[in-house]
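I have placed the structure first, in the form of structure tokens, so that the comments after it can refer back to it.
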Amino acid sequence: MSDSTFYVTTPIYYVNDAPHIGHGYTTVMGDIITRWHRQRGESVWYLTGTDEHGQKVLRKADQNGVSPQEWVDKLVEEEWKPLLETIDIANDDYIRTTEQRHLDGAKAFWQALYERDAVYKGSFSGYYSVGAEEFVGDDDVADGEGDDEGFKVSKLDGSRVEHMTEENYFFRLSDYQQKLLDFYDANPDFIQPESVRNELISFVSRGLRDLSISRSTFDWGIQVPWDDKHVMYVWIEALLNYVTAAGYGVDDERFKELWPANIHIVGKDIARFHAVIWPAMLMAAGQPVPHQVFAHGWILVGGQKMSKSKANGIRPDEIVDTFGSDAYRYYFARALTFGSDGSISWEDMHARYHAELANGFGNLASRVAAMIGKYFGGVLPAAGETTAAEQKVIDLVAETVAEADAAIEAVAPQDALSAVWRIVDELNGYLTEQAPWQVAKDESAGDRLATILATAAEGLRVLAVLLNPVMPKASAVLWGSLGAEPTLGALADQRIDAVAAWSQLPAGATITKPASLFPRIEAAAE
RNA sequence: GGGGAGGUAGCUCAGCUGGUUAGAGCAGGGGACUCAUAAUCCCUGGGUCGCGGGUUCGAGCCCCGCCCUCCCUACCA
């Protein structure tokens, strides 16, 4: 572990895309994990941001008749930062690759590579599409037909390509094949999950070529420090955000505190950049390598109601508008196995929202608050003698908290939630069995009634704390309805390692019935 | 071609290094209750565990072959 701070990152998102549920998914998962770690009392740093250089951005800006800087400013402010609000992300930092600190840090990093002889000048040959203004991979080149007979064309857009050679700087990636394999071997958890690890090991085992890492045909990028005719290839520059945001080259104190990162959360499509190229660059620069690259899977859309087109066409705010940010966060964390591909659908979201959130959890909060209101005037009674039924609840809570915490440690939020939900189910069952509404009819059983409701309220207290990382809004409402803050303090300060200790809510606390945590949604969307 | 992952109840998925009658949630069916968001609780349905062989006292989990789906096999981020 890094000596002090638990540092988690998302990829920085390429501004040319519009935010879609995939971005939201990655970002939410990181947010859940970091919020949980904060409630473990750890020092945590959660970074996300945007990748803003490169030829595609430049071209898009040109098409829109604005400077690239204006273009990315607009996208960041109108599309990307609002996404964080929409899905309720508590990031500690947001890095833009157009910020000065990134320019400075990136140049410092390159300088270090250069001085350590990890970079050299060479020439890159390949097929270049004049129309598309970019190199086309050999596999995407085909023999032309018809008018293009005798020429090579790009399979991507059909444009003619010609073989060109360009002077570029190269990174000696080929030097790192064995070092990487040794590293993977010594750090089996570095790449997760296993399937991705296997693929990357086999990829590296086949051999690595040096990497062309600069471009000289356009200038929307960061200049190579010793050669202003070149800008850094955007991928290589983008990876550097993880260290530049941590203060590399400009703030040693801060850098030492944050680096190396604990987890880089990425989609499996970019796992290779993060688990092969990135560690090699760090080794080359003499920096420690992150502890883990966690690659999540694809989100598949089941059924057809979900969208007109495809999942990637769906914007997070469509879901949030209907179900709210808490449900969005819950759904992706609960319904998918982090690290595997998984299916989502509007129907499933609707079903889980009602079965698990509204009927299971929300209704539980309602019924307990309502009964304390009805039988005790909204004042939490002191619990009396604990029977086997209460002990069962108490034991289950202790067990589940440990289980959930272990699941988060293993980067398995879905398992953490399924553990926590056992508390929801247990409490609903406990209430039905103890039937406080029956006990209330017996004038002489006031003590028993108090015990039942105090136990249920304690259970809700635990749920508010445990679910806060996943559903901060609903948890805050619940925390308020339990009247917990005056004596126990802020919800975000409640520690996971102390949550299972019983009888924390003091007798006399003011319990109010909250508005429905998750109101039923009758109108089927679309 | 080489490599990786997966094909388990209507749906979404669990099933650790092989071991009693293969599980959960949801959906469906029946019942109980009324504090609550027409909620909750209990019971219930029997799926050739992709196909065919094999190893074993015993395989969904091991081996062989085959079928199907998805992914990787580097310089778009």
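Each chain gets a letter, A, B and so on, in the order the sequences are listed, and its residues count up from 1.
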Item checked: Check: A:Phe183 ring centroid to A:Phe190 ring centroid under 6.0 Å -> yes
Item checked: Sugar-phosphate only, base, or nothing, as touched by A:Leu453 at under 4.0 Å among non-hydrogen atoms -> nothing
Next item on the list: Would you indicate what A:Arg209 reaches in the nucleic acid, counting non-hydrogen atoms under 4.0 angstrom: base, sugar-phosphate, or nothing?
Entry: base
Next item on the list: Compute the ring centroids of A:Trp278 and A:Phe273, then answer whether they are less than 6.0 Å apart.
Entry: no
Item checked: For atom CG of A:Asp341 and atom C1' of B:U12, their distance in whole Å -> 14 Å
Next item on the list: Mind listing the closest non-hydrogen atom pair of A:Pro413 and A:Met29 along with its distance?
Entry: CG-SD, 4.0 Å
Next item on the list: Provide the distance between the two C1' atoms, one in B:U55 and one in B:C61, to the nearest whole Å.
Entry: 14 Å
Next item on the list: Map A:Gly54 and A:Glu356 onto RNA chain B by nearest heavy atom, then report which one ends up closer to the 5' terminus.
Entry: A:Glu356
Next item on the list: Between B:A14 and B:A22, how far apart are the C1' atoms? Round to whole Å, please.
Entry: 11 Å
Item checked: P-based separation of B:C75 from B:U8 [nearest Å] -> 35 Å
Note to self: Is A:Asn198 close enough to B:A5 that one of its side-chain N or O atoms is under 4.0 Å from OP1 or OP2 there?
What the structure shows: yes
Next item on the list: Between A:Asp348 and A:His53, just flag the one whose closest nucleotide in RNA chain B comes earlier from the 5' side.
Entry: A:Asp348
Note to self: Once you apply a heavy-atom cut-off of 4.0 Å, does A:Gly207 come out as touching a base, just sugar-phosphate, or nothing?
What the structure shows: base
Margin query: Between A:Ser325 and A:Lys473, is there a side-chain donor-acceptor contact under 3.5 Å, judged purely by atom types and distance?
Written below: yes
Next item on the list: For RNA chain B, just give me the dot-bracket, please: Watson-Crick or G-U, both distances below 3.5 Å, ( ) intra-strand, [ ] crossing earlier pairs, | paired with another strand, . unpaired.
Entry: (((((((..((((.....[...)))).(((((.......))))).....(((((..]....))))))))))))....
Note to self: Rounded to whole Å, please give me the gap between CZ in A:Phe124 and C1' in B:A74.
What the structure shows: 10 Å
Item checked: Any pair counted as ring-ring contact (aromatic ring centres under 6.0 Å, His included), so long as it reaches residues 412-434 of chain A, sequence neighbours left out -> A:Tyr330-A:Trp421, A:Phe361-A:Trp421
Next item on the list: Take atom P in B:C26 and the same atom in B:U69, then report the distance between them in whole Å.
Entry: 33 Å
Notebook entry, point to check: At under 4.0 Å between heavy atoms, what does A:Leu173 touch on the DNA or RNA strands: base, sugar-phosphate, or nothing?
Noted result: base
Check: Just checking A:Tyr233: base, sugar-phosphate only, or nothing, at a heavy-atom cut-off of under 4.0 Å?
Finding: sugar-phosphate
Notebook entry, point to check: What is the distance from CG of A:Asp269 to C1' of B:C71, rounded to the nearest Å?
Noted result: 11 Å
Notebook entry, point to check: Which value, in whole Å, describes the distance between the P atoms of nucleotides B:C71 and B:G54?
Noted result: 35 Å
Note to self: Is it true that A:Glu167 and A:His230 share a donor-acceptor pair across their side chains at a distance under 3.5 Å?
What the structure shows: no
Check: How does each nucleotide of nucleotides 32-40 of chain B score, in 5' to 3' order, for protein heavy atoms under 4.0 Å: base (B), sugar-phosphate only (S), or none (-)?
Finding: -SSBBB-SS
Next item on the list: May I ask you to evaluate whether A:Ser343 reaches the phosphate of B:C13, defined as a side-chain N or O under 4.0 Å from OP1 or OP2?
Entry: yes
Note to self: Just to be sure I understand the rule, does A:Gly342 reach a base, reach only the sugar-phosphate, or reach nothing, if contact means heavy atoms closer than 4.0 Å?
What the structure shows: sugar-phosphate
Next item on the list: Check whether the side chains of A:Thr27 and A:Tyr13 place a donor and an acceptor atom closer than 3.5 Å, and report yes or no.
Entry: yes
Item checked: Span that lies between the C1' atom of B:G31 and that of B:C67, in whole angstrom -> 46 Å
Item checked: is_close_aromatic(A:Tyr242, A:His264), centroid dist under 6.0 Å -> yes
Next item on the list: Give the rounded distance in Å between these two atoms: CZ of A:Arg334 and C1' of B:A14.
Entry: 11 Å
Next item on the list: Before giving the answer on side chain to side chain donor-acceptor pair (under 3.5 Å), spell out for A:Thr98 and A:Glu52 the whole-Å C-alpha distance, their side-chain angles and the decisive distance to 0.1 Å.
Entry: CA-CA 6 Å; A:Thr98 50; A:Glu52 308 181 13; 2.8 Å; yes
Margin query: Nearest whole Å is fine: how far is B:G4 P from A:Arg197 CZ?
Written below: 14 Å
Item checked: Spacing of A:Ile277 atom CD1 relative to B:A77 atom P, expressed in whole Å -> 11 Å
Next item on the list: Please state the C1' separation for the pair B:G23 and B:C68 - nearest whole angstrom.
Entry: 25 Å
Check: Nearest-Å distance, CE (A:Met349) to C1' (B:U12)?
Finding: 13 Å
Next item on the list: Would you mind reading off the distance between A:Leu200 atom CG and B:G3 atom P, rounded to a whole angstrom?
Entry: 17 Å
Margin query: Using a 6.0 Å cut-off, check whether atom NZ of A:Lys121 has over 12 heavy atoms from anything other than its own residue.
Written below: yes
Check: Do A:Tyr120 and A:Asp210 meet the criterion of a side-chain donor-acceptor pair at a distance under 3.5 Å?
Finding: yes
Item checked: Nearest-Å distance once atom C1' is located in both B:G19 and B:C72 -> 37 Å
